[in-house]
Amino acid sequence: KRPPSSLIFIFGGSGDLNHRKLSPALYNLFIDNWMPEKFDIVGIGRRPYDNVSYRQHLYKGIGEFSRRKDDQPGRWDTFSKYVSYLQMDAENEAEYEKIAEIVKQKEAEYGEHPNVIFYLAVAPQLVAGIVSKLGPLNICADTKCTRVVVEKPFGHNLESALELNKLLASMFDEKQIYRIDHYLGKETVQNILALRFANALFEPIWNRNYIDHIQITAAETVGVEGRGDFYESSGALRDMVQNHILQLLCMIAMEAPVSFDADEIRNKKVDVLHAIRKLRKEDVHHNAVRGQYSQGWMKAKEVAGYRQEKNVDKGSPVDTFAAVKFYIDNWRWQDVPFYVRTGKRMSDKETIITIQFKTAPNFAFPPEAAETWRPNRLTISIAPEMDIRLRFQAKRPGQGVALSPVDMIFSYKDAYIEQEPEAYETLLLDVMEGNATLFMREDQVAAAWKVIMPILEAWQQREPVDFPNYAPGSWGPEDAEALIARDGRNWVTLP
Ligand code: BG6
């Protein structure tokens, strides 16, 4: 069933996120017949496009970034008629009347009142200004149809996140606010709930009695990709750990929901965030490692160090790598470490979650028979491949006893012919349908900030003396290896 009529305004309409992600996602939804019968998309920006040049600009993005190129002749032409451009200065309150005008006009055209969606795909420092000028518009009082989508980063620290939440709450009802974290829209991430709670097999062993530790790696090969000015006020901990990685951790660690109600799922996740042990400042250096990439070579190509990137300070203390060891203080997870790491310019693009099980309680085979003592692990791969691997010990064929681990693999590519939707497709459709399950609630955002604030504060107090401290194409700084090696474990990468 298609969603109800929707009028979508995209602030940052001429920006990168719209070009790479939002427009391609809306186009794919259109091709798959998921867009409403009646809809319009209005890109809002300062740059002087007209409708024709704006559509051309977006079309380039489809060619480059969409999972579907223009492989259905004529479809882009039809779709682009629903796309228009509104040049406006979002800092000038008087100009917001233009939006109210468009809503009125479309309402008359559709013969009904549509969903009015404001997507804030803008730099974080612009969000509050736009929200405070949008809020007073008449249409925003409509708590049923008007929605506002806010991109991460949601605030810069706990204090600014609380302030932004307060501002949003003074203008909108919580159910109108969609705080987006695109990781939650990924198929493989959504599948974590299916894996855990639609099977009887895993849940009984999904706890401290059977699990040795958990790892989450979100490694990227790219650098900051021209986003130096944004990254200078962010860093890896804010950009990836506060949101994406903690969300993954919640999916792995949460208790079973009673239903698929949006608040039920979000309650279960927020419980995890509350239970994460807050690091004491003096313990930060022992449990968290930061890094920054140097100049070097990747795949026979020379790449700049972070401090040489555009709009980056020559002595920047900003982290492009972060690794943290967390503990969750509850009955299920007491004493089970969660090691997480993320970084730019690392060896491979790899987003994986590893659940490492304990060793067999008694090993009756000759000790020299096994290559490894800890064979049992479940690896959930989110990127680059989408698959789940269960590793167990097997006897190698031949005389004598030699054991080595083998993998049982479920791969999306082999199991399904359907192409999986991009995260943004799923999330935009959810916004049109009014389903907030995969979006972050106010208290989740705050709870996630509370987890990382001690680390941020400790890092702010002491300048990193050894930056840059990892080479491009590596797996990060040596200290990150030490963080896990100290506990007799090591980071897992895909074979
Ligand atoms: C974004 C970060 O939220 O996620 C980027 O701001 C990062 O720095 C990106 O590159 C990674 O997303 P994905 O889906 O490619 O893992």
Side-chain angles (χ1 to χ4, degrees), residues 12 15-22 24-25 28 64-67 119-125 127 149-156 161 178-192 216-249 251 290-293 298 303 306 309-312 316 318-322 340-353 380-386 412 420-428 438-440 445 448 452 472 476 494:
D16 206 44
L17 182 70
N18 188 30
H19 189 63
R20 283 168 182 251
K21 298 284 185 190
L22 307 182
N28 286 332
E64 226 177 306
F65 303 110
S66 172
R67 68 184 164 89
Y119 199 116
L120 273 48
V122 295
Q125 63 273 21
V127 172
V149 186
V150 188
E151 264 292 334
K152 65 160 274 283
F154 199 82
H156 183 71
Y178 288 71
R179 298 176 193 80
I180 214 162
D181 180 319
H182 79 277
Y183 268 51
L184 296 181
K186 291 178 187 253
E187 276 295 328
T188 30
V189 174
Q190 293 180 63
N191 190 44
I192 296 173
I216 302 177
T217 291
E220 297 183 274
T221 52
V222 292
V224 290
E225 297 183 295
R227 295 194 305 156
D229 49 354
F230 158 73
Y231 210 80
E232 275 290 271
S233 61
S234 165
L237 193 69
R238 283 193 175 92
D239 188 40
M240 294 290 291
V241 180
Q242 190 272 342
N243 31 69
H244 304 326
I245 287 188
L246 285 182
Q247 286 300 317
L248 295 181
L249 189 149
M251 306 281 266
R290 56 180 155 166
Q292 189 191 75
Y293 59 85
M298 282 184 81
V303 297
Y306 176 68
E309 303 270 11
K310 209 172 133 216
N311 296 328
V312 169
S316 173
V318 168
D319 49 302
T320 61
F321 173 97
V340 310
R341 62 174 174 169
T342 182
K344 301 270 186 203
R345 286 275 185 244
M346 292 178 66
S347 168
D348 294 298
K349 167 85 186 168
E350 224 175 83
T351 315
I352 57 171
I353 303 171
I380 301 171
S381 268
I382 295 165
E385 296 303 326
M386 297 169 57
Y412 279 70
E420 63 285 343
E422 286 273 350
Y424 276 99
E425 293 174 40
T426 304
L427 296 173
L428 281 161
L438 298 179
F439 294 80
M440 316 237 279
V445 174
I452 72 154
L494 287 177

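When a ligand or atom number is given, it counts from 1 through the structure's own listing order.
For the pair T351 and ligand 1, the shortest N or O to N or O distance does not fall below 3.5 Å. At under 3.5 Å, a nitrogen or oxygen of K349, whether backbone or side chain, sits near a nitrogen or oxygen of ligand 1.
For E225, the closest heavy-atom approach to ligand 1 does not fall below 4.0 Å. Ligand 1 is approached by Y183 to a heavy-atom distance shorter than 4.0 Å.
Set against the non-hydrogen atoms of H244, the atoms of ligand 1 under 4.0 Å away are 1 (C), 3 (O), 4 (O). Per-residue contacts place K186 under 4.0 angstrom from the following atoms of ligand 1 (heavy atoms of the residue considered): 13 (P), 14 (O), 16 (O). Each of the following atoms of ligand 1 lies closer than 4.0 Å to a heavy atom of R227: 2 (C), 5 (C), 6 (O), 8 (O). The contact set between ligand 1 and D239, taken as ligand atoms under 4.0 Å from a residue heavy atom, comprises 2 (C), 5 (C), 6 (O), 8 (O). In the vicinity of K344, heavy-atom distances shorter than 4.0 Å reach the ligand 1 atoms 5 (C), 7 (C), 8 (O), 10 (O).
Summarising the geometry of G228 relative to Y306, their closest heavy-atom pair is O-OH, 4.3 Å, with the distance given to 0.1 Å.
Considering only non-hydrogen protein atoms, atom 12 (O) of ligand 1 sits nearest to H182 NE2, 3.3 Å.
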Test log, rule side chain to side chain donor-acceptor pair (under 3.5 Å), inputs Y231 and E225: CA-CA 10 Å; Y231 210 80; E225 297 183 295; over 6 Å; no

Side chain to side chain contact (heavy atoms under 4.5 Å, CB included) between M440 and K152, intermediate numbers included: CA-CA 10 Å; M440 316 237 279; K152 65 160 274 283; over 6 Å; no

K186 vs T351, side chain to side chain contact (heavy atoms under 4.5 Å, CB included): CA-CA, chis, key distance, verdict: CA-CA 12 Å; K186 291 178 187 253; T351 315; 5.8 Å; no

Check against side chain to side chain contact (heavy atoms under 4.5 Å, CB included), L246 and I452: CA-CA 10 Å; L246 285 182; I452 72 154; 4.2 Å; yes

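Proximity of Y424 to I180: side-chain heavy atoms (C-beta onward) are separated by under 4.5 Å at one or more points. For the pair N191 and E420, the minimum side-chain heavy-atom distance is 4.5 Å or more.
In this model, a donor atom of one side chain and an acceptor atom of the other lie less than 3.5 Å apart for N28 and E425.
Heavy-atom proximity to atom 7 (C) of ligand 1, evaluated over K152, E151, E220, is greatest for E220.
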